[in-house]
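This report refers to the structure that appears directly beneath it.
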Amino acid sequence: MKNFTYAIMIGPLALSLYLLFPSYYYFMGLNLAFLYPVILLLVTIFIQGKIHIYNFTTLGTVIFCLYLFYLFTLSTFQGGVLYGFATFCSTIGLIYLTLSLVNNTVKFKKFLDYILIIVFICCVLGIFEAVFGVNLFQLMSLRDIEFYKEIRMGHLRIAVQFVQPIVYGLFLILASPIVINRLFYSEKLRIKYFTAIIYVLMWINILLTASRAPIFGFIILQLIYFYIIMRNKFFLVSITAIILGAVVIQISSLLDLQVFKIFNGFIKMFTAIFGGDSGDVYSGVADRYRIIDWVIEKVDKNVLFGNGITAVFEYDVHAWQVKKSIENEYLNTFFHLGVIGMIFQIGAFVSNLYYCFRYDKKYQGLLLTYRRRNNLGFLESIGIALLVYYLVIITSGESSAITMHIMLISIAITYTRLARKHISNLGDKQNE
């Protein structure tokens, strides 16, 4: 029986491992970030012996899945059949895999715990990267890639399995609802203790990315969570924390300790967003406002449908500097897919928020212990994280964080499906 119980958890474990795959790992010329979901999808269909047909009748999933299908179609026609198939497996296929492999409450909770372990591994490797200046994922890359390296506030900005530190920050934002769930509402004490360690490590890691927008978004997200959970105690705890923090900073300033220098560095880093005089190490931030004109110039007459999903952005800022990235996900979509694609994307994102907040009220207190002892709903926590995420990506491209984004949506859909099944089972029992 124990072996059987262990065996049925292999699917959720294999699915969670996908979050560890860097986008720059290749095998025989094939990108593993694309190859892994293809293999996992084919193996799942082979083992289960059939292809499941799921009815995406809810508003949020329909629009989001249609948007992903739109990306798949463009990838196929503009990038080739193989590229299109890989895109399908890593987007729509990921939702299918989650629904197929995480098909009961036991697996669902186990899947969340597996993601916790993945986040823990990332956080440990992030601290290792900061201390020793070595990114183990990048070290094991077999391709000759010039990785992003920047020293900010005297420390190397960490990226872990991602190319850019800011994308790792986005990953931590999206992982937050799962961590908060297991931290406050898990019924097992050992999971609570383990999650508490992960939560502390997440705070350390988000600061080590030294990425302004994700740090700000992460802080706001945690404050919202704690306000909803604590309610009346929130302001008292917040004021106490602010007073204690101010005392620590003041003492550090008087004693010339490193804490004050780090705090001062963060203040300078954030003032750079608004064009403050914060030194060369934080310069160039204002260019993110100018990039709107650059993208519009490059799109030119292709306003409706963009330059194509495989197009490469390059803008000659100076004779010695070529801009190759678009630090705004919506502008990035506009460049590749035009106004049509950007409106489609925004509509899909809004519908995801609607889906989470609407169905949280309908399925509150089911499957997990939310609402029965606490104030924060599971789908509500995901919706808040997505809202913060959709605002933060105004300052960065989504890049590889799209995997965690789609997986979080998949988790919300799976939760809703299992909650409906739970209600149906209760109804059957009452009728007996």
Side-chain angles (χ1 to χ4, degrees), residues 6-23 25 27 30-58 60-62 64-73 75-76 82-119 161 171 174-175 177-178 348 352 355-356 367 378-379 382 386 398 400-421:
Y6 174 77
I8 64 171
M9 300 303 171
I10 293 297
L13 175 61
L15 184 59
S16 65
L17 287 174
Y18 182 38
L19 295 174
L20 277 178
F21 277 83
S23 60
Y25 275 16
F27 177 73
L30 299 173
N31 190 316
L32 284 182
F34 278 158
L35 185 61
Y36 185 78
V38 171
I39 295 174
L40 191 57
L41 189 61
L42 294 177
V43 170
T44 299
I45 293 173
F46 175 77
I47 292 177
Q48 294 183 347
K50 63 178 180 179
I51 298 177
H52 297 281
I53 305 298
Y54 297 106
N55 184 16
F56 298 103
T57 56
T58 56
T61 55
V62 167
F64 187 68
C65 287
L66 285 175
Y67 173 67
L68 294 180
F69 189 80
Y70 181 63
L71 295 181
F72 152 68
T73 305
S75 299
T76 303
L82 289 179
Y83 181 66
F85 180 66
T87 300
F88 176 86
C89 291
S90 59
T91 53
I92 298 173
L94 186 54
I95 298 176
Y96 176 89
L97 282 169
T98 308
L99 290 169
S100 299
L101 297 175
V102 189
N103 51 16
N104 61 50
T105 305
V106 175
K107 288 183 181 180
F108 183 79
K109 292 180 179 180
K110 202 68 178 178
F111 182 50
L112 297 185
D113 292 338
Y114 285 146
I115 294 178
L116 277 185
I117 296 173
I118 297 298
V119 175
Q161 74 268 43
F171 170 80
L174 292 173
I178 297 172
N352 287 339
Y355 176 84
C356 290
L367 304 184
F378 181 65
L379 293 179
I382 292 178
L386 288 175
E398 187 173 36
S400 309
I402 189 174
T403 301
M404 186 62 191
H405 179 198
I406 296 175
M407 188 166 286
L408 196 59
I409 298 296
S410 304
I411 290 171
I413 297 170
T414 303
Y415 177 86
T416 304
R417 183 168 177 267
L418 292 177
R420 285 173 177 166
K421 186 185 296 185

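Along the sequence shown, residues carry numbers from 1.
- Residues Ala175 and Val119 come closest through the heavy atom pair CB-CG2, 3.9 Å.
- Ring geometry for Tyr36 versus Tyr18: interplanar angle under 30°, hence parallel rather than tilted (30 to 60°).
- Contact between Leu40 and Ala14 at its shortest, heavy atoms only, is CD1-CB, 3.9 Å.
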**OP:** Any chance you could lay out the side chain to side chain contact (heavy atoms under 4.5 Å, CB included) test for Ile115 and Ile411, step after step, and finish with the verdict?
**Re:** CA-CA 11 Å; Ile115 294 178; Ile411 290 171; 3.7 Å; yes
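- Under the 30°/60° scheme for interplanar angles, the aromatic rings of Phe108 and Phe378 are found to stand perpendicular.
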Original post:
When you look at Leu99 and Arg417, which way does the side chain to side chain contact (heavy atoms under 4.5 Å, CB included) test go after all the steps?
Top reply: CA-CA 8 Å; Leu99 290 169; Arg417 183 168 177 267; 3.8 Å; yes
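- At a threshold of 4.5 Å between non-hydrogen side-chain atoms, the residues Leu71 and Thr91 do not count as touching.
- Taken to the nearest 0.5 Å, the CG atom of Leu19 stands 5.5 Å off from the CZ atom of Phe171.
- Phe69 has its ring centre less than 6.0 Å from the ring centre of Phe72.
- Counting heavy atoms from C-beta on, the side chains of Ile409 and Leu386 come closer than 4.5 Å.
- Between Gln48 and Ser100, the shortest heavy-atom distance links the atoms NE2-O, 3.3 Å.
- Taking CG of Leu42 as the reference point, atom CZ of Phe46 lies at 11.0 Å (rounded to 0.5 Å).
- Nearest heavy-atom pair across Ala412 and Cys356 is CB-SG, 4.4 Å.
- The CG atom of Asn31 sits 9.0 Å away from atom OG of Ser90, with the distance rounded to the nearest 0.5 Å.
- Smallest separation of non-hydrogen atoms from Tyr114 and Pro12: CD1-C, 3.8 Å.
- Within a 6.0 Å sphere centred on CG of Leu82, heavy atoms belonging to other residues, nucleotides or ligands number 12 at most.
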Subject >> side chain to side chain contact (heavy atoms under 4.5 Å, CB included) assessment of Leu418 paired with Lys107 >> reply: CA-CA 11 Å; Leu418 292 177; Lys107 288 183 181 180; over 6 Å; no
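- A distance of 6.0 Å separates CD1 of Ile95 from CZ of Phe64, quoted to the nearest 0.5 Å.
- A 4.5 Å side-chain heavy-atom check between Cys89 and Phe34 finds every atom pair outside the cut-off.
- Taking CZ of Phe21 as the start and CG of Leu35 as the end, the distance is 8.5 Å to the nearest 0.5 Å.
- Going from atom CG of Leu94 over to atom CG of Leu15 covers 6.0 Å, rounded to the nearest 0.5 Å.
- The two residues His405 and Asn352 come nearest to each other via the heavy atoms NE2-ND2, 4.3 Å.
- The shortest distance between side-chain heavy atoms of Phe111 and Met407 falls below 4.5 Å.
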**OP:** List the steps, then state whether side-chain hydrogen bond (donor to acceptor under 3.5 Å, both in side chains) holds for Tyr96 with Thr44.
**Re:** CA-CA 10 Å; Tyr96 176 89; Thr44 299; over 6 Å; no
